[in-house]
Each structure stands twice: as structure tokens, then as C-alpha cells.
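Order of appearance sets the numbers: ligands from 1, and atoms from 1 within every ligand.
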Amino acid sequence: MSERSSLVRGMRDLYEDELANIRLVETVFSETLESYGYALIRLPIMERTALFSRGIGEATDAVSKEMFTFDDETESLSLRPEGTASCVRAVIDANMYRGHQPKLWYIGSMFRHERPQLGRYREFYQVGAEAFGFSGPDVDTELIRIVQDVWESLELAEEITLEINTLGNTPSRKQHRDALVEYLAQYKAQLDEDSQRRLEQNPLRILDSKNEQTQKIIEQAPSISDYLDAESRRHFDEFQERLVRLGIRATVNPNLVRGLDYYTHSVFEWNTDKLGAQKQVGGGGRYDGLCELLGGAPCPAAGFAIGVDRVALLRNELGLASQASSPDVYVVALSDDEEDYALQVAAKVRAASSLSVRVHQGAGKVKARMRAADRSGATIALIIGAQEAASNQVSLKWLRINREQVTVPVAELPSTLLNSN
Ligand code: AMP
């Protein structure tokens, strides 16, 4: 025997029940986003490494430590660790934002070289949305309302909390950053190793640190709220007022900075305490400078990304997970002679209804065929013997409830099936 192939670490095959759960989350996002007029965009899995290092920032873990990068003939390429940079690149490439205000959403695999554990994978799925050309904060709160609608549809509204913050506009951000570096530099030796490295590259991220000693130092650090200019303050005040008007509860977390470099003004994160170490189910914010940073014209923009796997896992934890569905109908010819007729019956049911229909395959005695019908999980078996085939009829047997078997003409089959629940 040759050596058995196996999965690459951090990759997963998704089977029936887990997949059914994930697909439900994806479907609810898709229907909700489309109902708000967001258009689907399909983005490539691979981009130039430079897109992510310019767009997301070398100082973030997602880019500096976690990318799957390799050299192609003349350039360095990477599997995408997130969707926003690609989406902005695509909008610039197609010149979609000049004179327009595209609202787009995407779905797909993202790749990060992290230590795999429950809720943390090297290939995972995100749904994201990005709105271009609006300076907000009305669009910021629309994005949050969309996600709230999804939580409500998925029965998760009580389990997920929203944290918000503002990073201010570029001048406010810069002033805060300078004050922060000056303050933290005094304690450099006491900071954890990652934070020491970030002091020069991305000091805002230090506010995110989980290290206890660093957290103590952060408690007294200058807060962005003391550096907001009038425009930044107005944006944040209106953002919060609009959330209240939309009936959305949120907590201000002054240390919420998001892992990525490109945010301005509103930032937000959705968390749960039901998934152990993986608290964050999604996040987003405004990134007014990113289009320009990636070589486009200035264009305000805001968006979010949600981890589909974690949302599905949360439904699973709460006992809400959907299960893979069995076929509705199983068509059994009692001998091979009736097989053609059975195929015709199945085709008729599929054409006349949205029921899923499986046809028995593989020869076998009557008993074995009926056992296969039962094992399929179908609700109804359509049984076709010589008599039924000769008279253009079908016998219906309910497999899950006690109900008397009936024989009906094929023409009446769709209506009998539809009225059978
Ligand atoms: P981020 O782009 O880092 O803001 O991530 C957005 C969301 O994607 C997070 O809130 C998580 O729900 C999810 N996510 C990020 N990394 C992973 C991972 N390695 N495995 C599973 N989900 C992830």
C-alpha cells in the first residue's frame, strides 16, 4: 500500500453537519447584505506580498508573522490574510469609485500561519463588506446594523457584544501617537518583548497587549479621547448617537485599536465570552486613507469582516447548530425492471417541486432496498413495483410517521407530496 495522504496542519475538510452550520451563517450574511443593496465581489486568493505590507502594515502580526508567502518567478506572492486590501485594490483597478459609491461584500478563505486550535485555523472563512465614498458616520452605523440583523436572524444577539472606539482623523492620531511613544518610552524596559518591538513600528498596538505588566503601564497611558480635534469628536459623537437611534448597544473601549494599521475614526469589534480564548468574532472600522495609500485617489471608506467559523462554532456551542439535511424523498424501484420508470418519477418530482430526491442505486433484494430508503433519512419513500409501473402509479410510504401507505397516479404525485406534511 502506498503512504496515505493527510491534511496540511491548520487546514480542514468540512463535512456535512459542520458545513451545514457554516453554510447557514454564510446564507444569512448573503441575504442580509444583498437586502441592504451590497453587491458581491469575488476576489483572488493570491496577491502581491507588497499589497499587504503596504495596505495592512509590516508591523501587524497578520503580515509580519502570519502570511503564507512564496517567491514566484520575479515577485513575492502571498495568500491573502484578509479581504480589505484586495477589495480596495480591485476598486482602484476597475476605477469603480470615481463618481460612484460602491457598496461591496465578499466571502471566502483567508490564510494566516497561526498556531491552530479550536476557532483558530490557518485557512478560515470570512464574510466582509466595504462601502466606498461615504465619509460617515451614517454608513459606519449601517454596517453595524447589518451585522446586528445577522446576529438576530442567527439567534446570537444576546451572546455577542459590541465594543467601539475612535482613532480620530490623521492629525489627531499623530498627536496621540507621539504622546503615547513619549509616555511608553519611559517604561520601555518593563514592556513585554512584542510591545518593545512595537514601540517604534506600531505603538498603538501596545494598547492591545494581553501582557499583565504591560497592561498596568497602559492604564495610565495618554488616551486618544484627549487628542481628538473638533472634526474627530463630532464624528465619534454622531456615530454613538446614531447607534442609540438604531437600538444598538455598544461599550466604548478606549484601548480598542484593531490589529491593522489603516483605521481612522470609528473602529468596532464583536466579541463573545462563549468561545474560550477566541473572543473576537468580527471587527471593522473606517479607513479613509487606504485608497490613497494603495495608489488610488483619496476616497473615504468603511467596512467589517466577520469570522464565519467562529460564528458557526458559537451556534454549535449554544446548541443551535443546523444539521446536514437528508433527502426529502427516496425513490425505490423494487426490481431492476422498473428502474427507468423510477428515474422518470424522480425527474417529475424534481421539476414540479423544490424537494430533494434521491433514487436507489445498486441492485438488491426488496428488503435491502427498503432498508436503504430508511437509512437515507428521507421522509417519504416512493415505491415502484411492477404493478405501479404498469398502471402509471406510485406508492407513497411515510418513513418517519405512522401513516397508511397510499397509491396515487403519477400526475397527482407532486400535489400529494406537497400536501403530505
Ligand atoms: P481580523 O481581520 O483580524 O480583524 O479578523 C476578523 C475576524 O476573522 C476575527 O474576528 C475572527 O473571527 C476571524 N479570524 C481571524 N483569524 C482567524 C483564524 N486564524 N481562524 C479563524 N478565524 C479567524
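For ligand 1, the atoms sitting less than 4.0 Å from at least one non-hydrogen atom of G282 are 10 (O), numbered in the order shown with element in parentheses. Close approach to E114 involves these atoms of ligand 1, each under 4.0 Å from a residue heavy atom: 16 (N), 17 (C), 18 (C), 19 (N). Listed by number with element, the atoms of ligand 1 under 4.0 Å from a non-hydrogen atom of G307 are 7 (C), 8 (O), 12 (O), 13 (C). For ligand 1, the atoms lying closer than 4.0 Å to a non-hydrogen atom of V281 are 10 (O), 12 (O).
Heavy atoms only, all atoms of each residue included: I92 and L294 are closest at CD1-O, 3.8 Å. Closest approach of V359 to A346, counting heavy atoms only: CG2-CB, 3.5 Å. Nearest heavy atoms, S353 versus L418: CB-CD2, 4.2 Å.
Looking only at atom types and distance, the side chain of E159 has no donor-acceptor partner in the side chain of W151 under 3.5 Å away.
With a 4.0 Å heavy-atom cut-off, ligand 1 is reached by the backbone of Q280 and by its side chain too. Only side-chain heavy atoms of Q126 come within less than 4.0 Å of ligand 1; its backbone N, CA, C and O stay farther off. Here R120 has heavy atoms under 4.0 Å from ligand 1 in both its backbone and its side chain.
For E75, the salt bridge (charged side-chain N to carboxylate O under 4.0 Å, His left out) partners at least two apart in sequence or on another chain are R48.
For the pair R12 and Y121, the cation-pi test (distance below 6.0 Å, angle within 45°) is passed.
Here's the thing with Y121: one of its N/O atoms is less than 3.5 angstrom from an N/O atom of ligand 1.
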